[in-house]
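A short worksheet on the structure shown next.
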Amino acid sequence: MRQDEDRTYDFPAIEARWQKTWEETNAFRAPDDSDRPKYYALEMYPYPSGRIHMGHVRNYSIGDVIARFKMMRGFNVLHPIGWDALGMPAENAAIKSGIHPQKWTMDNVAHMKAQLKRMGFAYDWSREVNTCLPEYYKWNQWIFLKMHERGLAYRKESWVNWCPACRTVLANEQAAGGACWRCSSGVEQKKMEQWVLKITDYAEELLSGHAQLGKWPEHVLAMQKNWIGRSEGAYLNFEVPSIKKSIRVFTTRLDTIFGATFLVLSPEHPLVDELVRGPREARLRQWVAKTVAAARAKREIGEADKEGIDTGVTAVNPFTGKPVPVWLANYVLMEYGTGAIMAVPAHDGRDFDFAKKYGLPVVEVVVPEGGSPSPRESAAELFEDAGVLVNSGPYIGLTSYEATKKMAAWANGNGFGEPAVTYRLRDWGISRQRYWGTPIPMIHCPACGIVPVPYEDLPVEIPYKAEFTGESGSPLEKIASFVNVACPKCGRPARRETDTMDTFVDSSWYFFRYTSPDTGALPFTRAAADKWLPVDLYIGGVEHAILHLIYSRFFTKLLRDLGLTTLDEPFPHYLAQGMVLKDGTAMSKSKGNVVDPDEMLEHYGADALRLFILFASPPEKEFAWNEDGIEGCYRFLGRVWQLYQEIKPLRTEAEAPASFSPDPAAFSRLRKKIHQTIRKVGEDIEMRFHLNTAVSAIMELANAVRKEKDILRGSGDGRVLLGEAMETLILALAPFTPHISEEMWRGMGRESLVLRAPWPKFDPELAREELAVVVVEINGKVRDKFETAHDTSEEAMKTAALDLPRIRQLLEGTTVRKVVVIKGKIVNIVV
RNA sequence: GCCGGGGUGGCGGAAGUGGCAGACGCAAGGGACUUAAAAUCCCUCGCCCCGUGAGGGGCAUGCGGGUUCGAUUCCCGCCCCCGGCACCA
């Protein structure tokens, strides 16, 4: 760790000075009425947990480079920030230390805001959004009421994911893998009534919308696609004569229907109650009760052994007319499809395992083209692909594809089935039994039922006075003044809903609010949204690939259908930033490997920290922290500062000493480097987002200046060029290290801010190498090289190559069989 | 199991389109300055071999094949690592 007296440049003073200037001049304000083209740069807003961490620093540094670069490119840049300020940590802090969630949150916001300012991020703070303020969450409630009107918000009793540690319900997305997304506790299953948003209405569009997301990382789209889980197939009804009802199944393999030797229902299936009646009822009911409980518990951990029981009832296979036994088993999920399946053990590993265990028949009905049925010993040997049908009555010989089509038509025509599409995606449960969230604006009236809070009564504010005991149940339930309310319909005493909303509701539309943060009439104004959206570049951690990013897409489509926007997709370009690691794992308090940004700011300053975090690794890759790296970037800035100190006075000094003569080679080398750097840095930032290589190109320019400066300072032309090189260096650094860049820009005699300076232009002619280096290979191995004009003909290149002394020597005694010449690049001699 | 993404020096990483592999930085070693240290500056730096030296040669982008005058890049087959989903019918 470096000592203060070692500073090669006074970053504390420089950074403070420019942060003050930016603030005083509202330098980052994005006017709504500018003629310049708009650019909306957005990074995921933070949860105000207390302090910013390196993940934030990385995320926001990447976004800041883009925002500042676009400003220099002449765009009217909207670069806002805000706070995802509702959520459980605030409430947990209240339980632990007695600080009110509001105070805790607002104090954290104040602290983190100061930290972000010390990083020098170019935010338009006039658009700051804070979701824990009633003026924000009022609109969560407003949107919820609109959804309720349209039947998109409804109440549902169901098994829900329950986190015992957080003591609240979780959405499926938040309980992926059976673990709470926030605290990693094992999730339990509980039957509860809760509020649900009908995201499944948009399942198809969320999937087809991917076509518009060409600038998203492949794997994020894959994850979403997976999550939505679209599945094409058919519903098919099996008559059960004994109860005069039919069992409906969903299958994607209608072509295997002749091999459906039994049906399996989930023990939670609604027909179970009827099916179990009869002589074995007691035993069956006991099995069902046991299995439901066990399955609920086991599903958290993973795979359970397949267990089942025969109901003794038979259904009729509608294609064969033959009876098939109806079983109940733990491996069929009530949540997916219809909760019942037709089991085809010959072509499905799970059904096969089950059939083997209980001695059920296996009938092979599909074989590979040219193949024939053969006994299979294990699930791994099964033929599970599409093929050609056998043992399938009138469909024998058809391909799976043809058979599926004909069978679907036949089932449809005879009224016992139809084509269908199902999704894995399920509706979004948003009820949370917590205090520090948006109150769901509903009232339970004994007479009128569930009544929405009238729009004019919004917001339903979170009551300030509450008890935070950590006991089960929401603190809101115990606040009489909150709970007791007159029914808006009949005026009689009623109870207010005490569930609050999942905070992912807040973050599903905050990017709209930034466009008109002060409007009181609607969540946002149509004009502002139309002007600024979509977000041109959205940057954030890939951990939100399915949660936040799918909810936001859903809300955008919903808001569109409410007429508030015309937008289909909010984020056409998403840059998934990689994780910040140390010692091979993610930084986290529990692992004790956290590097505090404040400490780095203290020792190296914001510019060095920003530069390092951008230089060490490309944005989408993981970034491994190491202290020596930031040391190196700090040293680099020190060298730039030295160059600036040396070059600055050359501009104003008298004529260059005549005793030196200009060195034309050095002059054109540096001039070329200047133009190449402008091109490379601009392209790396704008086209490829390769910020690490942009930084290395800037370093190369600095190295070139250092190397040539002592020769060039001897002539007037050389001095002018050195000044130009220094200014290029400053401009190129400006998006990365804005403070030191402003300081040097001012020092070079420039009046306006460097962030207002236009990004420099390069001259392609000057950026071009004047001579091409031609590599000469013999049998693909480099043997020599020579320089020549770019437009040297292939014939001349060949002659020149064969004439090189070294090549002539090496070719002695061999026969040249072939010579491959690529203009301006290579001559490969094959012998 | 399925779906995605990766394997390049001691390390982080470069190499838009098949054409000099290892840019830039870190670490390391040597040197200058210094009473000394820090800071700073200069030089060396993929591995192996031959040569006293200048220099020369071979091997190298996870492994094995293929296409090509030429492959880190394209194709086929394996191995390993990371991420996501996981009884989804």
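Here is how names work: the chains are called A, B, and so on, in the same order as the sequence lines, proteins then strands, and each is numbered from 1. Keep in mind the model is a prediction, meaning the values are calculated, not measured.
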Can you tabulate the close N/O pairs, meaning under 3.5 Å, that link protein atoms to atoms of nucleotides 4-8 of chain B?
none

Test of ring centre spacing under 6.0 Å for Phe689(A) and His573(A):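 Phe689(A) vs His573(A): aromatic centres under 6.0 Å.
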
side-chain hydrogen bond (donor to acceptor under 3.5 Å, both in side chains) involving His548(A) - partner list, sequence neighbours excluded: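 Result, side-chain hydrogen bond (donor to acceptor under 3.5 Å, both in side chains) vs His548(A): Tyr538(A), Ser552(A).
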
Using a 4.0 Å heavy-atom cut-off, does [X] contact any base of the nucleic acid, only the sugar-phosphate backbone, or nothing at all?
| X | result |
| --- | --- |
| Arg639(A) | sugar-phosphate |
| Pro217(A) | nothing |
| Gly229(A) | nothing |

Partner of Ile341(A) under side-chain contact (heavy atoms from CB on, under 4.5 Å), chosen from Asp351(A), Thr251(A), Leu263(A), Leu265(A):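 So, applying the side-chain contact (heavy atoms from CB on, under 4.5 Å) to Ile341(A) and each of Asp351(A), Thr251(A), Leu263(A), Leu265(A), only Asp351(A) qualifies.
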
Residues in contact with RNA chain B, drawn from residues 823-831 of chain A - heavy-atom cutoff 4.0 Å: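 Under 4.0 Å from RNA chain B: Lys825(A), Ile826(A), Asn828(A), Val830(A).
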
Pair assignment for RNA chain B - dot-bracket with | for other-strand partners, Watson-Crick or G-U under 3.5 Å: (((((((..(((......[....))).(((((.......))))).(((((....)))))..(((((..]....))))))))))))....

By salt bridge (charged side-chain N to carboxylate O under 4.0 Å, His left out) - contacts of Glu769(A) (at least two apart):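 Result, salt bridge (charged side-chain N to carboxylate O under 4.0 Å, His left out) vs Glu769(A): Lys672(A).
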
Intermediate values then yes/no, side chain to side chain contact (heavy atoms under 4.5 Å, CB included), Met44(A) and Gln577(A): CA-CA 11 Å; Met44(A) 292 177 182; Gln577(A) 158 225 342; over 6 Å; no

Nearest-angstrom distance, C1' atom, rU35(B) to rG25(B):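 After rounding to an integer number of Å, I get 34 Å for this pair.
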
Residue pairs fulfilling side-chain hydrogen bond (donor to acceptor under 3.5 Å, both in side chains) with at least one residue in residues 818-831 of chain A, sequence neighbours excluded: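 Not a single pair qualifies under side-chain hydrogen bond (donor to acceptor under 3.5 Å, both in side chains).
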
Base rC69(B) paired with Lys818(A) side chain (donor-acceptor, <3.5 Å):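 Checked by distance alone, the answer is no.
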
Arg806(A) vs Ile822(A), nearer the 5' end of RNA chain B by closest nucleotide: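 Nearer the 5' end of the strand: Ile822(A).
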
